[in-house]
Structures are given as structure tokens and as C-alpha cells.
Amino acid sequence: MESPVRVAAQTADILGEVPLWCARTQRLWWIDVRRPALQWYDPATGRHAAQRLHPELITGSIALREQGGFLLAAPTGLHIFDPAGGQPARRIADPLQGAPGMRLNDGKCDRRGRFWVGSMHDTRREPLGTLYRVDPDGRCTARLDGFVLPNAISFSPDDRNMYFADTHKQMIWVFDYDIDAGEISNRRVFKDWTQQQGRPDGATVDAEGFVWNCMVATGQLVRLAPDGRVDRVIQLPVTNPTCPAFGGERLDTLYITSHSQRFTPEQQAAEPLAGALLALDVGVRGLPEPRFGG
């Protein structure tokens with residue numbers, strides 16, 4: 001049985017997203033997309049800190065780098081950034097080429113150091129998004145298009161499957177994944193949520209190969225079996241959880257970001273944990289976070 005949900009950091013994020021555990025720093029890192037800010041939490045001390053980013057770096061997702069620091073996915077492209085280095089972010093690729101209103105959203109590295117990331121229009125809910133593969137040398141390859149709000153990029157423990165969702169379309173797909181070539185194929189429905197109120201947002205995969213998905217609008221954390229069957233549903237104390245990640249020294253704590261985006265003062269008062277970083281013990285462990293190879 002999982003333990004009660006607890007508050008790891010009362011951050012009041014506008015749009016908390018993409019948490020990931022760094023074994024080198026023993027910290028959980030994540031972003032507030034809307035401020036924008038890069039944040040960390042140290043479970044050993046309970047300390048939380050946030051570093052504001054340049055307004056042009058409205059970061060939709062991050063990845064750890066093998067060489068240190070982070071890869072930031074922003075409207076102005078993909079940037080290398082070291083929060084301790086004192087240097088401005090350095091752009092290595094620009095797949096959007098200044099397209100008006102477009103930005104990069106959810107992204108995740110595979111275990112060969114490639115970064116997969118989806119684009120979207122920031123305000124128009126139209127199928128303008130593209131799924132890109134970013135190689136360690138900065139080369140970007142468009143793989144699929146026609147998405148509204150790309151999310152839930154994650155990989156099975158054996159590297160044979162990649163998961164991907166369109167939150168707006170309420171659909172999660174799974175692809176066959178060729179880890180050697182970095183190619184996806186055989187797209188098929190993994191979980192169809194179109195008859196539900198909740199919408200699939202960020203996801204992570206545990207060591208047993210089950211997918212943990214945050215459901216925006218219903219406040220649910222859902223564990224899905226490799227065949228798409230609902231294995232567990234956990235009700236969270238926020239309406240809009242955004243993304244889960246396993247962390248801690250043994251990768252046995254599930255951390256969950258959330259958002260308070262577009263909340264009125266009355267809604268925020270009624271839901272004081274909206275935007276907080278939550279934590280929960282779910283009885284299974286996660287997998288080490290892959291790093292970007294560039």
C-alpha cells in the first residue's frame with residue numbers, strides 16, 4: 001500500500017513540469033514553465049531553491065547532460081545551461097526557426113543520449129505540433145506531426161517501446177523503438193482517454209515496466225500496465241498534477257509536479273496545494289534518468 005501524499009515543497013508553481021532525479025547532485029530538478037524558473041529540491045535537507053531564467057527561455061522541458069548542466073527546450077531552441085556556471089545559455093539547435101507562437105513542450109532522453117521533444121502552439125489548440133528527435137550533436141529530425149499538446153514521452157525498461165501522448169486529444173500512443181537507430185515505428189493506441197474527464201499529461205515508467213501518468217483536470221495519478229490496463233488510480237490533493245518522476249537515493253519516492261495556471265484567487269484559496277511539489281511512496285522503484293549526450 002502506498003503512503004499518504006505529502007508536500008515535498010510548497011512552491012506555488014504556475015506551471016510546474018518535468019521533474020527528474022539527478023544521482024550526481026542527489027536532488028530533484030524541475031521547472032516552472034511560466035515564470036520561467038529552474039528549481040531543485042534536496043530530500044536530505046528539505047531545502048528548495050529556484051533560479052529565474054531569461055524570459056526568452058520559457059522552458060517546456062529539461063534534460064540532464066552527460067557533461068554537466070542541463071539541456072533546456074525553449075521557443076528559441078535547445079540550449080545548454082549550467083546553473084552553477086555563471087554563463088548564459090548556449091543554443092545548439094533551433095527546430096522552430098522563430099515560428100510565431102510556437103514553443104517546445106515535453107521532452108525526455110533515451111538511454112543513448114538522444115532527446116525527444118514535442119512542439120506546440122502556446123495559445124492555439126490546433127494540430128500544429130511536431131515530435132522531434134535531437135541527437136547529441138544537436139541535429140534535429142522531425143519524426144511526426146499533427147499534434148496539439150505533446151506530452152508523456154517515456155521509454156520502457158527494455159528500450160523496445162516509446163510512449164507519447166497528446167493531452168488535448170486525450171490519447172496515449174506506444175511505438176516500437178529501435179534504440180540502436182533511434183527510430184520509432186508501429187504507432188498504436190496505448191490508452192484512449194476520450195471518454196474520461198481527465199487528460200493525460202506527463203508520464204514516467206517504473207522498473208517493472210508500468211507507466212505512471214498524471215491526469216490533468218481530475219487530479220488522478222494512474223498506473224498503467226504494459227498492455228494499457230489500468231492497474232492503480234491514486235487521487236491527489238490537487239486538480240492538475242502535471243508530471244511524475246521517481247527520485248531519492250533508491251529511486252523509491254514518486255515526486256509529482258502540479259500547476260495553478262489560470263486559477264482565480266478564489267480557486268487558489270480553495271486549493272492551497274495547487275502548484276506544489278508532492279511526494280508519495282508507491283511500493284515500486286523507478287529507473288535512472290538518462291542524460292543528453294551532447
Side-chain angles (χ1 to χ4, degrees), residues 5 7-19 29-39 41 48 50-62 72-76 96 99-107 117-129 147-153 165-172 193-203 213-222 234-245 255-278:
V5 179
V7 179
Q10 180 61 286
T11 51
D13 291 339
I14 301 171
L15 180 51
E17 273 287 7
V18 291
W29 295 83
W30 75 102
I31 53 173
D32 186 337
V33 176
R34 294 302 180 192
R35 279 193 165 91
L38 176 66
Q39 307 182 75
Y41 167 73
H48 160 255
Q51 181 173 348
R52 293 296 290 267
L53 299 171
H54 191 281
E56 291 185 357
L57 295 177
I58 299 174
T59 302
S61 55
I62 59 176
L72 309 182
T76 52
L96 300 180
M102 297 295 292
R103 70 173 178 88
L104 296 175
N105 199 50
D106 187 58
V117 64
S119 67
M120 60 177 286
H121 195 281
D122 201 33
T123 57
R124 291 158 53 189
R125 293 299 177 253
E126 299 175 19
L128 303 173
F147 303 107
V148 180
L149 211 172
N151 264 309
I153 298 172
D166 188 323
T167 301
H168 184 78
K169 295 180 179 179
Q170 294 179 275
M171 191 74 68
I172 306 176
W193 291 110
T194 55
Q195 302 305 312
Q196 308 293 322
Q197 180 182 355
R199 301 188 297 275
D201 203 323
N213 187 236
C214 284
M215 299 294 287
V216 170
T218 60
Q220 292 178 332
L221 176 67
V222 180
I234 299 171
Q235 189 65 47
L236 299 170
V238 293
T239 303
N240 297 305
T242 54
C243 192
Y255 291 97
I256 303 148
T257 50
S258 62
H259 84 68
S260 59
Q261 192 170 224
R262 294 182 293 274
F263 268 32
T264 65
E266 293 76 18
Q267 287 174 306
Q268 188 69 62
E271 193 173 306
L273 296 184
L277 176 69
L278 306 176

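It should be emphasised that the depicted structure is a prediction, and the values quoted were computed from it without experimental measurement. Atom set for the values below is all heavy atoms of this structure, side chains included, hydrogens, waters and symmetry mates excluded.
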Does any part of the side chain of D201, heavy atoms only, come nearer than 4.5 Å to the side chain of E17, both counted from C-beta? yes

Smallest separation among heavy atoms of I172 and A165, with atom names: CG1-CB, 3.8 Å

For the OG atom of S258 and the CG atom of L277, what is their distance to the nearest 0.5 Å? 8.0 Å

List the residues meeting salt bridge (charged side-chain N to carboxylate O under 4.0 Å, His left out) with E126, not counting sequence neighbours, and say none if there are none. R124

Euclidean distance, R34 CZ relative to D13 CG, rounded to 0.5 Å: 12.5 Å

Please report the closest heavy-atom contact between L104 and S119, naming both atoms and the distance. CD2-CB, 3.9 Å

Hey, is the main chain of G198 close enough, under 3.5 Å, to the side chain of Q170 for a donor-acceptor pair? yes

Any idea which heavy atoms bring T194 and K169 closest together, and the distance? CG2-O, 3.5 Å

Calculate, to the nearest 0.5 Å, the distance between atoms CE and CG belonging to M120 and L96 respectively. 11.5 Å

From CA spacing to verdict: side-chain hydrogen bond (donor to acceptor under 3.5 Å, both in side chains), T11, Q39: CA-CA 10 Å; T11 51; Q39 307 182 75; 4.8 Å; no

Do any N or O atoms from the side chain of D32 and from the backbone of L15 form a donor-acceptor pair under 3.5 angstrom? yes

Donor-acceptor contact present, side-chain R35 to main-chain R52, <3.5 Å: no

To the nearest 0.5 Å, how far apart are CD1 in I31 and CG in L53? 8.5 Å

Any heavy-atom pair between the side chains of I14 and V33 that's under 4.5 Å? no

What's the shortest heavy-atom distance between P19 and W30, and which atoms? CA-CB, 3.6 Å

State the CE-CD distance between M215 and Q196, to the nearest 0.5 angstrom. 7.0 Å

Say whether, by atom type as modelled, one donor and one acceptor occur between the side chain of N213 and the main chain of G202 under 3.5 angstrom. yes

So do the side chains of L278 and P241 get within less than 4.5 Å of each other, counting heavy atoms only? no

Look up atom CZ in R103 and atom CG in D122, then write down how far apart they are to the nearest 0.5 Å. 4.5 Å

Any donor-acceptor pair under 3.5 Å from T242 side chain to G16 backbone: yes

Which pair of heavy atoms, one from Y41 and one from A9, lies closest together, and at what distance? CD1-CB, 4.4 Å

Where is the tightest heavy-atom contact between S260 and A12, given as atom of each residue plus distance? OG-O, 4.4 Å

Given W193 and V222, is the side-chain contact (heavy atoms from CB on, under 4.5 Å) satisfied, shown in steps? CA-CA 12 Å; W193 291 110; V222 180; 4.1 Å; yes

Can you name the side-chain contact (heavy atoms from CB on, under 4.5 Å) partners of T167, sequence neighbours left out? L149, N151, R199

Worked check of side-chain contact (heavy atoms from CB on, under 4.5 Å) between T257 and C243: CA-CA 5 Å; T257 50; C243 192; 3.7 Å; yes

Please check: side-chain N/O of D166 versus main-chain N/O of P150, any donor-acceptor pairing under 3.5 Å? no

Which is it for V148 and H121 under the side-chain contact (heavy atoms from CB on, under 4.5 Å) test, yes or no, and what are the steps along the way? CA-CA 7 Å; V148 180; H121 195 281; over 6 Å; no

